[in-house]
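In what follows, chains are A, B, ... by sequence order, proteins preceding strands, each numbered from 1.
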Number of protein chains: 4
Amino acid sequence: MATAPTVAAAPSRGRPRSEHRSAAVLAATLAEIGDRGISGLTIEAVALRAGVSKVTVYRRWPDRIALVLAALESLPELAVPDTGDLVDDLRELRRHLLDVVDRSNLAEVLPALLAERRRSDHGPAIRRYVERRSQAYVEVVERARARGELVTGLPTELVVLMLSSPLALSVMNRDAPLTDEEWTTVVRVVLDGLARGDGRSRP
Amino acid sequence: MATAPTVAAAPSRGRPRSEHRSAAVLAATLAEIGDRGISGLTIEAVALRAGVSKVTVYRRWPDRIALVLAALESLPELAVPDTGDLVDDLRELRRHLLDVVDRSNLAEVLPALLAERRRSDHGPAIRRYVERRSQAYVEVVERARARGELVTGLPTELVVLMLSSPLALSVMNRDAPLTDEEWTTVVRVVLDGLARGDGRSRP
Amino acid sequence: MATAPTVAAAPSRGRPRSEHRSAAVLAATLAEIGDRGISGLTIEAVALRAGVSKVTVYRRWPDRIALVLAALESLPELAVPDTGDLVDDLRELRRHLLDVVDRSNLAEVLPALLAERRRSDHGPAIRRYVERRSQAYVEVVERARARGELVTGLPTELVVLMLSSPLALSVMNRDAPLTDEEWTTVVRVVLDGLARGDGRSRP
Amino acid sequence: MATAPTVAAAPSRGRPRSEHRSAAVLAATLAEIGDRGISGLTIEAVALRAGVSKVTVYRRWPDRIALVLAALESLPELAVPDTGDLVDDLRELRRHLLDVVDRSNLAEVLPALLAERRRSDHGPAIRRYVERRSQAYVEVVERARARGELVTGLPTELVVLMLSSPLALSVMNRDAPLTDEEWTTVVRVVLDGLARGDGRSRP
DNA sequence: GTCTAACCGAGACGGTACGTCCTGTCTTAGT
DNA sequence: ACTAAGACAGGACGTACCGTCTCGGTTAGAC
């Protein structure tokens with residue numbers, strides 16, 4: 001989704017940018033990330049691999065980060081799951097995440113982006129990218145609340161954080177992400193805790 | 001703490017390395033990380049700032065990552081808290097983490113290290129560094145179990161993950177880490193969930 | 001003179017080239033040569049300055065050198081002087097040369113063209129351009145011979161070389177070209193030498 | 001001659017520049033000028049040919065012109081001839097010039113340098129280089145005057161210009177430089193003219 | 001009055017070189 | 001054996017022009 005490099009565009013002056021090349025560059029970017037990792041990513045190598053000149057890359061994306069974000073956004077987006085059951089919805093989100101991790105080295109790219117967020121001009125763009133991903137969690141949780149499946153006074157943001165951060169961190173920090181069994185356990189503990197009374201039950 | 005750059009040392013022949021310079025380099029490294037961030041960190045700038053030649057840096061630490069790890073390890077380590085109460089212990093760990101975040105750009109450095117972990121030869125070293133930090137959590141949780149304060153069949157690793165990942169992720173991903181109140185809520189929900197029956201209580 | 005860019009033209013089909021634009025490009029070329037010199041001359045800058053697209057320039061002149069030659073040829077040409085006196089004729093040629101030097105940076109352009117002559121495909125064209133300039137000398141000298149004002153067995157080419165090269169070289173090599181007085185002296189010495197017997201008078 | 005790239009140097013701090021490499025670069029420069037000409041001269045190609053990194057070239061010579069000048073100055077200098085006869089001395093200078101022309105594409109390089117003289121910061125350096133070459137003429141002429149072989153009231157500079165410019169211009173402008181016979185004729189005409197009375201003999 | 005070929009601007013494009021920067025290694029002289 | 005200074009090969013950076021190419025849109029002569 002969202003491959004469009006620049007915003008909108010004037011009503012087409014001069015030779016139009018080749019979509020074919022844009023796609024080739026994004027594909028090459030993903031491939032390079034796979035081969036050399038984020039820190040080993042070179043515009044030069046991307047251009048070479050895409051069979052494109054450096055300028056053609058720079059024309060579209062001003063720098064490495066913008067390029068990486070565009071490449072990630074070129075991956076197919078998951079439709080927000082709606083199985084009617086919160087845990088099943090969450091499991092679907094987990095499955096999709098692990099999919100993307102496999103396909104795009106997200107386990108390396110994600111922390112790299114988070115690191116960049118503090119410095120670069122792309123802070124907002126990175127924030128938006130991450131946000132968009134967690135948006136699915138927000139919707140799934142709100143739907144569960146609407147169904148009465150989840151009853152809690154906590155802000156959705158906190159609930160999402162509790163449900164998603166163990167998996168996210170395990171992806172970035174552990175040698176392997178949480179297994180299905182581990183993950184199920186974690187989610188159930190959190191949901192049980194919420195059911196018990198929003199953490200306000202203790203003295 | 002732990003300034004010792006290399007493993008041990010031969011029985012010392014010739015002029016010994018100046019400890020003063022080692023310290024200057026590590027300080028300069030932290031300062032540079034503060035100014036330019038991890039990705040903008042160059043050995044050259046560090047050497048210049050420390051008033052030291054590049055070779056003097058390379059002799060001690062083989063590359064950027066090793067240098068960064070050494071710099072982080074030069075920060076004062078927290079003694080594992082032991083207040084007799086799990087939540088108080090955890091709160092102390094939180095306080096210390098936020099301290100380090102303030103003092104060393106950890107919010108940027110940590111994800112950068114995690115990203116590097118997948119590729120570089122320093123994977124193990126980085127893993128060890130992160131492990132060492134979470135070790136405090138492990139000890140605190142195990143003590144709580146021994147005291148009977150925490151009763152659960154879950155492996156300590158999972159418990160620690162649930163208790164620490166929301167804060168860790170909020171540090172890396174949010175504009176500001178969890179407030180004390182938010183954090184307290186999260187911890188209590190998790191502990192309630194564990195008390196309720198390890199996530200196995202549901203059908 | 002000679003603004004006609006290409007040879008002749010097919011019997012004209014389609015929209016004709018705008019003469020207005022051709023002139024604008026040549027003017028812009030002279031201006032750019034004045035501002036940045038021959039070596040700093042870029043087609044892009046010329047096109048920009050002329051308010052014309054690059055293609056419009058390339059359509060008319062295949063490359064930099066052709067463009068420069070065309071620009072020089074667009075300058076007004078001197079009618080070959082014919083005062084009835086050789087020295088006066090030569091003085092008129094000198095005046096005209098210094099004029100062009102002032103108006104077109106010839107002091108820089110001329111050596112640049114000579115340098116290019118050895119390599120580029122435009123060798124012949126450059127040769128022709130320079131030849132055309134010296135043609136005036138040839139005519140003036142031959143007229144003097146016809147009048148009996150100049151009696152010598154030397155080939156006209158050599159006579160012209162002796163009469164013109166000191167001024168030409170002074171234009172290219174000295175900070176200022178020969179003054180009128182210096183120039184007069186030089187010319188008279190050469191003419192005296194010729195009158196003395198063509199350099200064959202010595203043992 | 002004078003291969004020394006920079007002025008003098010502090011009392012040697014750090015690793016000294018490799019003379020071997022300096023020489024290799026200058027040789028490569030001359031070779032490249034021979035192959036591709038002045039306008040086709042590329043620092044990158046020179047570095048490649050010399051088996052040296054680009055920075056090594058830039059460290060010594062700030063730009064193309066400085067490099068070319070250094071390369072030319074690395075060629076063996078002629079000892080000023082002193083045969084006791086002016087024409088023989090001049091003939092020796094001619095021989096040497098044609099030698100250098102053959103060995104270093106001077107026919108192309110010289111006009112290129114003259115063109116550059118007007119613009120670049122190297123104006124003075126180029127002027128100095130050319131001056132140094134013509135210095136031999138000055139000495140030869142002054143010696144002839146001292147011997148009484150040449151009697152004239154003209155400033156030496158003008159005499160030198162008359163004696164040298166036909167050959168110089170023929171090198172730059174003609175397809176072949178003046179033959180020995182042509183050259184001899186030219187020189188004798190000039191000397192005869194000077195003997196006749198410094199160009200002041202005419203009304 | 002349409003055709004329609006050549007013009008024109010804008011700007012994309014592959015390519016080459018630019019001059020700079022940093023890396024990690026090396027070579028000096030000096031401590 | 002350490003140190004500071006700095007040379008060095010290598011490799012990527014981001015930029016500038018080159019000369020070519022596609023676009024959409026004129027413009028004038030031929031039909």
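The stretch residues 112-125 of chain A has no heavy atom under 4.0 Å from DNA chain E, so no residue of it qualifies as close. Of the residues in residues 42-53 of chain A, those lying under 4.0 Å from DNA chain E by heavy-atom distance are A:Gly51, A:Val52, A:Ser53.
Mapping D:Glu19 and A:Arg15 onto DNA chain F via the closest heavy atom, the residue that lands nearer the 5' end is D:Glu19. Place B:Asp63 and D:Gly14 on DNA chain E by their nearest nucleotides, and B:Asp63 ends up nearer the 5' end. Take the nearest nucleotide of DNA chain E for B:Leu41 and for D:Leu41: the residue whose nucleotide is more 5' is D:Leu41.
For B:Lys54 against E:dG24, a side-chain-to-base donor-acceptor contact under 3.5 Å is present.
Residue pairs meeting the salt bridge (charged side-chain N to carboxylate O under 4.0 Å, His left out) criterion with at least one partner in residues 118-127 of chain A, sequence neighbours excluded, are A:Arg119-B:Glu108, A:Arg127-A:Glu131, A:Arg127-B:Asp175.
Atom CZ of A:Arg17 and atom P of E:dA10 are 17 Å apart (whole Å). Rounded to whole angstrom, the span from the CH2 atom of C:Trp61 across to the P atom of F:dC18 amounts to 15 Å. Distance OH (A:Tyr58) to P (E:dG15): 17 Å, rounded to an integer number of Å. Rounded to a whole Å, the CZ atom of C:Arg59 is 13 Å from the C1' atom of E:dA10. Protein atom CZ of D:Arg21 is 13 Å distant from nucleotide atom C1' of F:dG6, rounded to whole Å.
Nearest to the side chain of D:Pro16, among E:dT28, F:dG11, E:dC8, sits E:dT28.
Remark: A:Arg13 is in phosphate contact with E:dA10, judged by side-chain N or O atoms under 4.0 Å from OP1 or OP2.
C:Pro111 and C:Leu106 make their closest contact through CD-O, 3.8 Å (heavy atoms, listed as atom of the first residue, atom of the second, distance).
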